[in-house]
Engineer: 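Let me begin by handing over the structure; questions about it come next.
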Amino acid sequence: LFTKEAYFEDAQPLTDSFADSLALDLKRSAIDAVLSQLKKTEGKYLSTILKQSYFPIESLIFHPLDNATALETEEFFRIHSEIDQDFEIKFFKNILLKEYRTDLGACAMAPNDLLPSVQPNAHSMDNPTGDESYQITLRGNKKRFSAEVKLGILKQKNQAAQDAPRERKPEPSAFQHIDSAPRYKESISREMSQSVTVNITDAKGEHHHTIQTPFLIGRESAEDAGIGMEKIDINGMYISRHQMIVFMLNDVIYGFIPKDASLVGVAGRRGTLQKLHLVEIDYSGLTITFGQPVESINPTVDLSRPNLYPTIHIRRGDTTPRGHESTPIPRITK
């Protein structure tokens, strides 16, 4: 199909045309696959996090959609790699975008050492006839490749510089691992951490914890290894693995139910809590009974059955508001 001479001859339009068409098809497939993966993931995170972070692309695999494309692509890379051993690396470097970004701000970036590959699958062995065998792109061209992408954990955009070998204090990993957790600027300083007491009534009875923010509350799970922050496990039937995240921001402590929680909770007069909404934990504390279905408006939890519907009471460790938090009352002087 191609010859070594064609690689060197500028007057060979067939090879150049095929290379341009191949690069365009692969680039388009990569964009579709990466954006599709980002859209599946972005709903778990706050928009402020997404705009200041990125997902590293760990692997990118292209699959030819028919036998002819598979053979032509394999022959193209084989011939040119015989002339230039780094040809495949250079070719893929040129088709990768600097970053892939969704409308909501989720971003994926390819590391310098990423090497995509073309791997035939079951579709690559087919010999289709007619337009029924092809997916049609928006431009009316036949789609010749599909792509499979794997994204890594969320990272700050300055993470690459931070990962350079040098002596420094370890960065907190909570930002990278907890879905929907608000982003802390560079580290969790003393002003961003506060001692909190958590009283729990669940299937184990009553137990008490003193813990520093930020922390996670939820059902015990072996999958929580390496989540990057402390967790309080609650024993109850109706509670999610990641039920609530408690954190401090500007001296205010908040509770936050992430999107992946399958249940919410009821907080007294505040009623049913909602996902992705912040609830303030003031100096009087906050009592929540978990197990409320997301779609149910009226409270259905039963406080008398803690083995099914566990209850927690969260209270700040500092029980007295700071002076600057109260507004002076104007007085009339005689």
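Any value given below was found using the heavy atoms of this structure, including those in side chains, with hydrogens, waters and symmetry copies removed. Not measured: the values here are computed from a predicted model.
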Engineer: Would you sort out whether L286 and I253 count as a side chain to side chain contact (heavy atoms under 4.5 Å, CB included), showing the intermediate values?
Structural biologist: CA-CA 11 Å; L286 177 67; I253 297 180; over 6 Å; no
Engineer: Got more than 12 heavy atoms from elsewhere within 6.0 Å of CD, Q85?
Structural biologist: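 No, the 6.0 Å shell around CD holds no more than 12 heavy atoms from other groups.
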Engineer: State plainly whether the residues D202 and R219 are in salt-bridge range, i.e. N to O under 4.0 Å.
Structural biologist: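 Salt bridge between D202 and R219, a charged N being under 4.0 Å from a carboxylate O: no.
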Engineer: Side-chain heavy atoms under 4.5 Å apart, restricted to Ile/Leu/Val/Met/Phe/Trp/Tyr: what other residues fall into the cluster of L308, or is it alone?
Structural biologist: M237, Y238, L263, V266, V301, L303, Y309
Engineer: Which is it for H208 and N199 under the side chain to side chain contact (heavy atoms under 4.5 Å, CB included) test, yes or no, and what are the steps along the way?
Structural biologist: CA-CA 5 Å; H208 311 280; N199 300 327; 2.7 Å; yes
Engineer: Can V34 be reached from I61 by stepping across I, L, V, M, F, W or Y side chains whose heavy atoms are under 4.5 Å apart?
Structural biologist: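 In one cluster: no.
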Engineer: Return the minimal non-hydrogen interatomic distance between Q194 and M248, and the atom names on each side.
Structural biologist: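 For Q194 versus M248, the nearest heavy atoms are CB-SD, 3.2 Å.
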Engineer: Could you state the interatomic distance from SG (C107) to CG (L104), rounded to the nearest 0.5 Å?
Structural biologist: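 With rounding to 0.5 Å, SG (C107) is 13.0 Å from CG (L104).
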Engineer: Would you find a donor on one side and an acceptor on the other, under 3.5 Å apart, between the side chain of D66 and the backbone of A68?
Structural biologist: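 Flag set: sc D66 to bb A68 pair under 3.5 Å.
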Engineer: Out of curiosity, R28 CZ to I95 CD1, how far, rounded to the nearest 0.5 Å?
Structural biologist: 12.0 Å
Engineer: Side-chain contact, heavy-atom cut-off 4.5 Å: Q243 with I257?
Structural biologist: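 Contact flag for Q243/I257 side chains = yes.
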Engineer: Which heavy atom of Y254 sits nearest a heavy atom of L249, and at what distance?
Structural biologist: CE1-O, 4.1 Å
Engineer: Using atom types as modelled and distance alone, determine if a side-chain donor or acceptor of Q52 lies under 3.5 Å from a backbone N or O of Q156.
Structural biologist: no
Engineer: A quick test of your reading: do over 12 heavy atoms of other residues, nucleotides or ligands sit less than 6.0 Å from CG of D103?
Structural biologist: no
Engineer: Could you pull out the closest heavy-atom pair between V149 and A33, with the gap in Å?
Structural biologist: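 So the minimum-distance heavy-atom pair works out to CG1-O, 3.5 Å.
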Engineer: For L114, check side-chain contact (heavy atoms from CB on, under 4.5 Å) against everything at least two apart and list the hits.
Structural biologist: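 By the side-chain contact (heavy atoms from CB on, under 4.5 Å) rule, L114 matches I57, L96, A110, P111, P116.
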Engineer: Indicate the atoms forming the closest heavy-atom contact of M244 with G255, along with that distance.
Structural biologist: SD-CA, 4.1 Å
Engineer: Heavy-atom distance under 4.5 Å between the side chains of S146 and L65, does that happen here?
Structural biologist: yes
Engineer: Who pairs with Y100 by ring pair (Phe, Tyr, Trp, His ring centres under 6.0 Å), at least two apart in sequence or on another chain?
Structural biologist: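 Listed in chain order: nothing, the list is empty.
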Engineer: List in chain and number order the residues that pass side-chain contact (heavy atoms from CB on, under 4.5 Å) with Q274, two or more places apart in sequence or in another chain; answer none if no residue qualifies.
Structural biologist: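 Applying side-chain contact (heavy atoms from CB on, under 4.5 Å) to Q274 gives H277.
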Engineer: So, taking the atom named CD1 in I288 and the one named OG1 in T272, what distance separates them when rounded to the nearest 0.5 Å?
Structural biologist: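 I288 atom CD1 to T272 atom OG1 measures 11.5 Å (nearest 0.5 Å).
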Engineer: If you round to the nearest 0.5 Å, how far is CZ of F247 from CG of L278?
Structural biologist: 5.0 Å
Engineer: Could you check whether any side-chain N or O of S29 sits under 3.5 Å from a backbone N or O of D25, counting only pairs where one atom can act as donor and the other as acceptor?
Structural biologist: yes
Engineer: Once you round to the nearest 0.5 Å, how far does OG1 of T48 lie from CG of L50?
Structural biologist: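 Atom-to-atom, T48:OG1 and L50:CG are 8.0 Å apart.
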Engineer: Listed by chain and number, what are the salt bridge (charged side-chain N to carboxylate O under 4.0 Å, His left out) partners of K90, not counting sequence neighbours?
Structural biologist: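 Scan of K90 (salt bridge (charged side-chain N to carboxylate O under 4.0 Å, His left out), adjacent residues dropped) gives D84.
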Engineer: Ring pair (Phe, Tyr, Trp, His ring centres under 6.0 Å) with H313: which residues, sequence neighbours excluded?
Structural biologist: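 Scan of H313 (ring pair (Phe, Tyr, Trp, His ring centres under 6.0 Å), adjacent residues dropped) gives none.
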Engineer: If the condition is side-chain contact (heavy atoms from CB on, under 4.5 Å), which residues does T197 pass it with, not counting sequence neighbours?
Structural biologist: T210, R315
Engineer: Can you see whether S240 engages S262 through a side-chain donor-acceptor pair at a distance of less than 3.5 angstrom?
Structural biologist: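 Side-chain D/A pair, S240 to S262: present.
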Engineer: For E99, enumerate each residue passing the salt bridge (charged side-chain N to carboxylate O under 4.0 Å, His left out) test, keeping only those at least two apart in sequence or located in another chain.
Structural biologist: R101
Engineer: Could you list the residues that satisfy side-chain contact (heavy atoms from CB on, under 4.5 Å) with T73, not counting sequence neighbours?
Structural biologist: L22, T69, F77, V118, F145
Engineer: Between T213 and F215, does a side chain to side chain contact (heavy atoms under 4.5 Å, CB included) hold up when you go through it step by step?
Structural biologist: CA-CA 5 Å; T213 59; F215 61 91; 3.9 Å; yes
Engineer: If every non-hydrogen atom of L38 is compared with every non-hydrogen atom of A106, which pair is closest and at what distance?
Structural biologist: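 Distance-wise, the nearest heavy atoms are CD1-O, 3.7 Å.
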Engineer: List for me each residue that meets side chain to side chain donor-acceptor pair (under 3.5 Å) alongside E42, sequence neighbours excluded, and say none if there are none.
Structural biologist: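 For E42 the side chain to side chain donor-acceptor pair (under 3.5 Å) partners, ignoring immediate neighbours, are T102.
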Engineer: Not counting sequence neighbours, which residues clear salt bridge (charged side-chain N to carboxylate O under 4.0 Å, His left out) with E58? List them please.
Structural biologist: K150
Engineer: Do you know which of E74, E75, H80 makes side-chain hydrogen bond (donor to acceptor under 3.5 Å, both in side chains) with R78?
Structural biologist: E75
Engineer: Which heavy atom of F76 sits nearest a heavy atom of A19, and at what distance?
Structural biologist: CZ-CB, 3.8 Å
Engineer: Does anything in residues 293-312 pair up under salt bridge (Lys or Arg N to Asp or Glu O under 4.0 Å), and if so which pairs, sequence neighbours excluded?
Structural biologist: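 Salt bridge (Lys or Arg N to Asp or Glu O under 4.0 Å) check on residues 293-312 returns no pairs.
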Engineer: For the residue pair H209 and H207, categorise the inter-ring angle as parallel (less than 30°), tilted (30 to 60°) or perpendicular (more than 60°).
Structural biologist: perpendicular
Engineer: Looking only at atom types and distance, does a side-chain atom of H63 sit under 3.5 Å from a main-chain N or O of Q119, one as donor and one as acceptor?
Structural biologist: yes
Engineer: Could you give the distance from NZ (K275) to CG (L273), rounded to the nearest 0.5 Å?
Structural biologist: 12.5 Å
Engineer: Using the rule side chain to side chain contact (heavy atoms under 4.5 Å, CB included), only one of I239, I234, D233 pairs with E220; which is it?
Structural biologist: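 Of the listed residues I239, I234, D233, the side chain to side chain contact (heavy atoms under 4.5 Å, CB included) partner of E220 is D233.
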